[in-house]
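Both ligands and their constituent atoms are indexed starting at 1 by order of listing. Source: prediction; values computed, not measured.
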Amino acid sequence: PAYTLYSAALPIPVAATPKYKITNPVTQKEIWYYEFEIKPLTQQVYPKLKPARLVGYDGKSPGPTIIVPKGTETVVRFVNSADRQNSVHLHGSPSRAPFDGWAADITNPGEYKDYYYPNYQSARFLWYHDHALHWTAENAYFGQAGAYLITDPEEDRLGLPSGYGKQDIPLVLSSKQYNSDGTLFSTQGEDKSLWGDVIHVNGEPWPFQNVEPRKYRFRFLNAAVSRNFDLFFVTSTATNTRIPFKVIASDAGLLEAPIQASDLKVAVAERYEVVFDFSQYAGKTLYLRNDEDAGGVGVDEAYDNTYQVMKFVVSSKPVTDTSKVPSTLRTVPFPPAGHTTIDHQFRFHRSGGEWKINGVGFADAANRVLAKVPRGKVEIWELENSSGGWTHPIHIHLVDFRVIQRNGRGVEPYESAGLKDVVWLGKNEVVLVEAHYAPWNGVYMFHCHNLIHEDQDASFFPRRQSVAC
Ligand code: C2O
């Protein structure tokens with residue numbers, strides 16, 4: 001169905017309130033306790049059609065945003081009041097294995113599970129989403145995804161634009177497809193991708209946001225099932241002149257220094273944070289656009305509106321902006337220099353109608369442990385895309401990695417200036433990533449974050465899941 005672009009304001013996901021706070025008797029650290037009920041909600045996307053029926057954390061999509069200071073532990077009870085199994089993964093957190101959302105660690109309808117999160121990392125933008133075996137794509141797409149921010153005093157001291165929902169705004173991107181009656185098209189039955197033709201930001205299709213002529217911090221998360229984005233800002237829908245901005249952070253928090261860019265590639269599950277300065281645009285309207293095609297479909301302006309994302313309406317009233325973007329942001333804890341050996345090679349491909357890593361799928365329990373890294377070791381992994389025209393966003397749980405090279409050359413400056421947990425593995429690319437495999441022992445997932453690919457394994461056609469590490 002047709003949709004009127006920029007007709008609704010950008011929603012800001014509500015900041016979650018802990019139910020109570022206690023002191024951990026062993027560590028003497030505070031623990032904040034939250035309770036989220038996974039339950040249905042409806043969203044009226046097309047005014048004259050049926051509402052879409054979603055299932056979200058606390059009945060919201062995106063779920064409530066947890067904002068926690070570094071060093072404060074959290075326990076989150078996820079109560080399953082949906083009609084399907086779930087498992088919750090806090091993406092980017094070095095959670096201990098029992099709390100990491102292993103695909104087969106299922107919570108059934110009517111049950112709950114308490115997840116314990118350490119939050120000892122530096123300030124960063126994590127996100128939580130469903131990870132249930134065979135159901136990850138459908139559950140995340142129907143609403144089970146939310147933002148999770150760790151803050152710390154070092155970052156606060158920099159004086160970046162701040163205030164959650166004010167000058168520090170999460171922009172959770174997704175891309176969905178609707179049926180002609182207004183309900184959401186299901187991912188069930190898809191075995192290659194679900195690109196979606198309706199772009200959402202914070203759950204709202206093509207929203208607008210009123211801003212002041214000053215600097216803003218935007219935290220991008222690509223929470224789509226399959227679609228990757230190449231984002232840029234323009235002053236009108238008729239121009240292709242891109243307005244530069246500063247990239248300040250990625251998956252694992254602040255970069256070493258801000259990187260000026262005029263476009264930003266955000267694969268599924270990646271986070272990038274930018275500071276955009278509206279001070280030169282008082283009284284104007286700006287647009288956030290997308291220039292990444294979807295599996296060869298192309299960003300076709302005649303075909304659909306997937307080249308548009310959202311609109312910013314800049315007020316003409318001058319304001320005083322005391323925020324800044326310092327020229328150095330922090331010392332990033334890259335893996336120690338000197339390691340050059342390639343420790344593992346992984347090939348991402350499709351065979352026998354399944355997505356596989358080195359010929360193995362998740363259902364192949366005897367072979368699915370693809371790497372046994374001694375705890376504390378630094379390793380370089382080679383990730384090779386041998387699946388033709390596909391892009392695979394590759395995610396390794398537990399660790400932050402450095403993206404070293406792509407096809408034997410350097411990588412985007414904003415990729416290499418910080419640490420990441422997802423890497424854009426483009427068509428026919430070979431990428432090297434280096435990580436310090438710590439701090440815990442345990443079995444962790446390692447997979448393509450195109451959720452259709454992730455769900456694939458031979459045990460449950462058409463829902464299947466790829467591989468573990
Ligand atoms: Cu974002 Cu294995 O997950």
Exercise for review: Compute both the distance and the angle, then confirm whether Lys166 meets the cation-pi test with Tyr164: under 6.0 Å from the six-membered ring centre, within 45 degrees of the axis.
Suggested key: no
Practice item. Check the angle between the aromatic planes of His453 and Trp390 and answer parallel, tilted or perpendicular using the 30° and 60° thresholds. Key: perpendicular
Practice item. Could you grab the angle centred on atom 2 (Cu) of ligand 1, going from NE2 in His447 to NE2 in His397, to 10°? Key: 110°
Review point. Nearest 0.5 Å, what's the OG-CH2 distance between Ser226 and Trp195?
Key: 5.5 Å
Check your understanding: Does a side-chain N-to-carboxylate-O contact under 4.0 Å join Lys420 and Asp400?
Key -> no
Practice item. Anything protein N, O or S sitting under 2.8 Å from atom 1 (Cu) of ligand 1: count it and give me the total. Key: 3
Exercise for review: Go through Arg219 and Glu273 one step at a time and tell me if the salt bridge (Lys or Arg N to Asp or Glu O under 4.0 Å) criterion holds.
Suggested key: CA-CA 4 Å; Arg219 303 182 188 241; Glu273 303 182 32; 3.4 Å; yes
Check your understanding: Aromatic ring centroids of His395 and Trp127 under 6.0 Å?
Key -> no
